[in-house]
Amino acid sequence: MINKIEKLPNDGTLASHRTVWRLFVLLALLLSGVSLAFAQTSREQAKAIHDRLTGVPATEADLIAMESRMPAQAAMYAITLGENSRHFATVTLKNFAAAWTNRDQTAFVPLNDYTTLVIGMVINQVPFNQILSIDRLYVQSGAPLPTTSSNAHFEALETRMMEPGFDPTSELVAVPQSTVYPMLPPDATAGAMTTRAASEAFFIAGTNRAMFRFTLVNHMCMDLEQVHDTSIVPDRIRQDVSRSPGADSRVFLNNCIGCHAGMDPLAQAFAYYNFNDASGAIEYTDGTVQPKYFNNNETFADGFVTPDDSWSNYWREGQNALLGWNGSLPGEGSGAKSLGQELAGTRAFAECQVTKVFNAVCLRDPVDGTDRAQVQTMTNDFIGTNYDLRQVFAESADYCTQGL
Amino acid sequence: MINAKLMPKIDSRAATLIGAFVLSLVAGCSGGSGAATQQNVAGPQSPGSGYSGPVPATPDVQQFKIHVFDNVRTDNRCGSCHGIDGVALNKFARSDDVNLAYADANLVVDLLLPSDSLMVLQMEANHNCWLSDAGACASIMETWITNWAGGIVGVGGREIVLEAPASIRSPGDSRNFPEDGGALFNQTVYPVLTAANQGDCGQCHSSGSAVMQSPFFAQGPIGDADALLTAYEAAKSKMNLEDPDESRFVHRLRDESHNCWTASCAADAQALADAIAAFAGQIQPVQVDPDLLASMALTLYEGTVASGGNRYEANVIANYEFKEGEPSLIAHDTSGVDPAMDLTLSGNVEWFGGWGLNFTGGKAQASTAASSKLRDLITATGEYSIEAWVVPGNVVQEDVRIVSYSGSPDLRNFNLGQTMYNYDFFNRNDGIAAALAANGNPQLSTPDAAEVLQATLQHVVATYDPIEGRRIYVNGVLSTMQDPTPGDTLNSWNDTYAFVLGNEVSSNEPFTGVLRLVAIHNRTLTEAQILQNFEAGVGEKFFLLFSVSHLVNVPESYVVFEASIFDSYAYLFREPFFISLDPDAQPDGIDLEGLRIGINGQEAVVGQAYANVDTIIESTLYDSATGQQIASLGTVVPLQQGPTADEFFLTFDRIGASTFSRPAPVTPPAPTPVNLPEASLIGVRTFDEINATMASVTGVSPLEPAVAVTFDQVRQSLPAVPTIEAVLASHQVAIAQLAIEYCNAVVEDIPARNAFWGGSVNWAVAPAGQPAGWETALAAPLLDRLVGSVGNQILTQPDRALIEAEMDTLVNGIPGSDPPRPGLAGTDGNVVARTSVIGKAVCSSILGGAAMLVK
């Protein structure tokens, strides 16, 4: 801090700089404690809506424009016009999705194809229930396509996004994922799950269960503990799961089985995928199960031996039927795409997306019956508007800023 | 089954069993198949080496002599009764003529299934065992006969004969231990076990006891819920709910006079039996649902024995199968190679269900005198193998001893140990520098990255020979690189060291985990032999024949599982198949769906891996010798009352023409949501939002080099989440740093400065020359954006007038204050550059304040 002031030209003595700094801190603390007792008007709500949706304070002109559109169109104004749309896409949506793309679940990661896919789908109102199955990426218009082994395209795009004048609606263009990553046939693409970023994070090494678990966390808003069910038929648990960890089978029978019995038959959908650390690219071995599915196959040799990428959903019955599976889907299939459709077809998926938006916009969890009712309303609207997540942002902002 | 086993098998190589089918199950070598080509060098060590009668007439007689005759003919074993002058009619131990002894021995052995030999069965029945443990004698006898059989059978499949259960019965009603935390136990049995004037078993069988003898079924203090639960769990396997008189507790008192508390052990036993009966009487029996399509029932020990005999053991010089179980404190060396290197258990070591020792700090150690046979027999060959079935308790323990032959933590002949995910192998050889040799350094370990050691059952073989040096095989796979230490002879081995399992001899390097079998060979096992022993598995196994003749129109039809005790808490069921013991049966078109395992009157709640089975028994797939496989999977099912009491049966959703309409799993109601604590309705901007806001307010590009560098530096120091309660002073420091950088950029860049402030501030004039209220002009463009323009105050934002007053104080100070507060303009007031400094200060104070941060 002191160094920074010292480098200012002709800035006088060090003592005076310290004075500036002390006063600055005093002022900041003072202002932080300012009472927020007031009577809200549409102007205040417009300001709050703008803050929550774009991350930046509204200009006077924006506030006037939004006031005139209250209540129905104010939020949409804040996320669709000019610099507002840039900030909504490059600040709010980017950080909405960034943490989903890595194991550390941190937003402090460079822009990547996963995050950009989310941004593109939301601002272009692509049905968001395709996020786990669509054959699509969004890339920077006019730039060379991304390569299979590098994130450089998206890092350059992130720089461009910070420039005033960047227009996300025209400068983010959709291309088939299978074109950018030719090792993936169209049927092998599965939206976010087969992006390079997700692949690098969740298909690398391991057993590919990470892809399933993080998809569950990020898109169903639940970890494996929430779907733990020991009554499920354990016939698809792979050989690498010890049935007697530390010579105590009670651990398996009471804990391990509860997750693996449902997860392993679902994660079988990823049997042909891998992230090749050497090439830096996703790998897809159509018809050949990846060797990682046979890791530690002597741990319990009588366990399930993966023959292909067919998957089955054992969670459609029992306690996990509460996730609200889509009855029009078969509950089984082959490969990641159909699994993505199965997961995204649940009520839990829709509710999760809405809840995530609620958290991002309201800056809190739904805490009471009123909040929960609002989430249900927005979930119905989300499904009813063909999974338009942008609309959910607008609805959430309108709800959360009332009475501020 | 027991009675059937006791039937003598007269030269069973030629015998045929009526009503039974021969099932070839093992494609590899039979037990000790290698013995056909390799003589056990331990042979000369056996007690019968002084034989001077006729030479063996055939190679088979020679094998008999080496492996059985020389071991049994001494007077302290079988010779006194079965010798030429003994009272027994069968003279298989006669020392005068091995050929005549051979003829008699053939009447009491089963070379195809040595465990069924009358000689073995008699040992099991405690017929003049020369050791304290009849089981150990039986194992040793079985080993000798197996080695004999290995010499004559050579390479070939071992055949297991499926035998129909002696009793074919419907699953009975069953009592199960209530899951009540021990409440009923506390009212009935626990008082008898713990009362000072009755059992007072807690004097030993409690972890608080000075002698601390497990199991802790009398754990105290009385009245403590955790202690009660510990006692209850430990006591379950000692109580027979169906027949209290047959409880282990009762046997120990009545038959073994184990610490009776009155003069009458019978009376004490009866008191405990009565308590167990009272306990069992209050448990509601579980009745089998009559709607289920259930097979007939049987217990584990009513199955056909499937284990034993498959291992390669031609050069075993020490062997531990850990069959003894409680209350033995000795684990016998059943290699049959004298001297027997029996292990004494001390400290925290418990017997493990399904054969094994569970180490939690204790050890099992042999005497140094007996251990010297390792030195003698291994230095004779110059090579050896350590073989163990191991279940490491965890993957975090370091430098612990699993199998060691040592004198102290720093002195050893060999050691197989664990360091986290690695197995370590130490071996002293004559070529290692003296400084390292004493401890067998340098160690050879499995590679860190491979993480081959897992906390699960693993077959580990460590081999050493002078050519290849050390190698470690895990689950049949070579898991080490070439030994960097050259091999050499082993003559420097010290014969005063002791063989020890689970710890160092000094008891300070404890291994946590289970050993289910340990064998020392004085030859290097080949990869094929290692694989053979790995595939042979460990522990006792049975074929359980569940009769389904009443469900399908096929005589003597069974669904057969291979079953075993998996660990202390579960059974392993694997690879079910359908078979009829009627050789003329032609099963065809039998639907079989939804197979489940029942235990004690109920379908097991967890582990039903065959519930999705959907197959048809077809004549084209059915083989009269091997049946038709139903599934290739295995599963574990929780143990309840123990292998002698747990009764199994199978159920089917569909078998043949019968169908059970199984109700769909119940979906529970959605849990009622719980209100969360009230949360703040406002929050703060996060890192990128702060950056974008500062850029948007000042008009400075975030890509401006100095700004971009600062943002990169402080990005992760800015608020990462919008939660207002999570804002820290350190966040404010980072925010200030970024704000100053933006304000520096906008002030120093003249076009930007002009665009931002317009003509409201004259930057070419020193502070002293600035008009009154110039500080308000400095603040104006920031306040217009952040709190609303003059007259358009945003009510949720800090009051504009208040901020302006603060800026006035910042710039002009407080006149007449004590101490003096001259304000920024009070210093260098006549220096033009001071105006820029003040401009940056005002700008950054507002830009980095709550008006920007809170949203």
Side-chain angles (χ1 to χ4, degrees), chain A residues 1 4 8-12 16 20 23-24 27-28 31-32 34 36 38-39 43-44 47 51-52 55-57 59-60 87 91 95 108 159 162-163 230-231 233-235 242-250 252-253 257 296 298-299 302 304 317-319 321-322 363-365 367-368 372 404, chain B residues 391 393-394 454-456 475 514 566-567 569-570 574 606-609 611-612 633-634 636 638 664-665 667-668 670 673 675-676 679 681 683 685 688-689 692-693 696 702-703 716 722 732 736-737 740 785-786 789 794-796 798 806 810 824 827-828 833-834 837 841 845 848-851 855:
Chain A
M1 210 50 238
K4 176 57 62 186
L8 299 179
N10 302 318
D11 58 352
S16 71
V20 171
L23 287 170
F24 168 82
L27 180 62
L31 296 186
S32 297
V34 168
L36 291 172
F38 56 88
R43 187 173 178 80
E44 281 68 45
K47 191 257 183 214
D51 275 348
R52 302 296 174 90
V56 302
T59 63
E60 185 90 5
H87 287 128
V91 177
N95 289 309
F108 295 113
T159 300
M162 298 175 82
E163 294 176 4
T230 58
S231 68
V233 178
D235 61 344
S242 173
R243 268 58 167 182
S244 183
D248 189 345
S249 55
R250 292 175 300 182
F252 172 76
L253 291 167
I257 195 172
N296 297 315
E298 294 295 349
T299 294
D302 291 321
F304 182 70
E317 291 186 331
Q319 67 180 58
L322 292 172
L363 315 181
R364 60 185 170 82
D365 292 317
V367 295
D368 57 17
R372 290 192 292 271
L404 273 182
Chain B
V391 190
N394 58 64
Q454 298 286 327
T456 191
N475 291 340
V514 174
F566 191 53
D567 59 21
Y569 312 103
R574 60 190 300 268
V606 62
Q608 298 289 5
N612 288 333
L633 294 172
V636 289
T667 302
N675 285 352
L676 302 177
L681 298 180
R685 296 183 208 280
D688 278 356
E689 293 175 335
T693 294
S696 179
L703 300 176
Q716 297 195 37
Q732 191 59 48
Q737 203 166 344
I740 289 171
R785 180 71 179 275
L786 293 175
S789 58
I794 300 170
L795 299 179
T796 51
E806 287 292 333
L810 174 66
L824 297 177
T827 303
D828 294 336
R834 186 68 175 168
V837 174
S845 296
K855 67 172 185 178

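- Each of A:R52, A:M162, A:Q319 has some count of heavy-atom pairs under 4.5 Å with chain B, and the biggest count is that of A:R52.
- In this structure a side-chain-to-backbone donor-acceptor pair under 3.5 Å is present from B:T693 to A:G55.
- In this structure, chain A has heavy atoms under 4.5 Å from both the backbone and the side chain of B:R785.
- Residue A:L253 touches chain B through both its backbone and its side chain, counting heavy-atom pairs closer than 4.5 Å.
- A search for side-chain contact (heavy atoms from CB on, under 4.5 Å) contacts involving B:N612 returns A:V233, A:D235, A:Y314, not counting sequence neighbours.
- For B:D688, the salt bridge (charged side-chain N to carboxylate O under 4.0 Å, His left out) test picks out A:K94, B:R715, with sequence neighbours left out.
- Looking at every heavy atom in both residues, B:G607 comes nearest to A:I257 through N-CD1, 4.1 Å.
- Contacts between A:E60 and chain B at a heavy-atom distance below 4.5 Å involve the side chain alone, from C-beta outward.
- Considering only heavy-atom pairs separated by less than 4.5 Å from chain A, the leading option among B:P702, B:A670, B:P668 is B:P668.
- Shortest non-hydrogen contact noted between B:V391 and A:A247 is CG1-N, 3.2 Å.
- The minimum heavy-atom distance linking A:V367 with B:A679 is given by the pair CG1-CB, 4.2 Å.
- Between A:R250 and B:D567 there is no salt bridge, since no side-chain N of the basic residue sits under 4.0 Å from a carboxylate O of the acidic one.
- Expressed to the nearest 0.5 Å, how far OG1 of B:T796 lies from CD of A:E44 amounts to 5.0 Å.
- Between the side chain of B:T667 and the main chain of A:G318, a donor-acceptor pair closer than 3.5 Å is present.
- In terms of heavy-atom pairs under 4.5 Å with chain A, the best-connected choice from B:P673, B:A611, B:A664 is B:P673.
- Although no hydrogens or angles enter the test, the distance criterion places no donor-acceptor pair under 3.5 Å between the side chain of A:E317 and the main chain of B:P665.
- Of the atoms belonging to B:I794, heavy atoms from both backbone and side chain fall under 4.5 Å from chain A.
- The shortest non-hydrogen separation linking B:A570 to A:S249 is CB-OG, 3.0 Å.
- Only the side chain of B:V514 comes within contact range of chain A, with at least one heavy atom under 4.5 Å from a heavy atom of that chain.
- When side chains are defined from C-beta on, A:R372 counts as touching B:N675, because their heavy atoms get closer than 4.5 Å.
- One finds the CZ atom of B:R685 at 10.5 Å from the CG atom of A:L363 (value rounded to the nearest 0.5 Å).
- For the set A:D248, A:T159, A:D368, A:T299, the entry with the most heavy-atom pairs within less than 4.5 Å of chain B is A:D248.
- Scanning both residues, B:E689 and A:V91, for their nearest heavy atoms gives CG-CG1, 3.4 Å.
- At a 4.5 Å heavy-atom cutoff, the contact between B:F566 and chain A is made by side-chain atoms alone.
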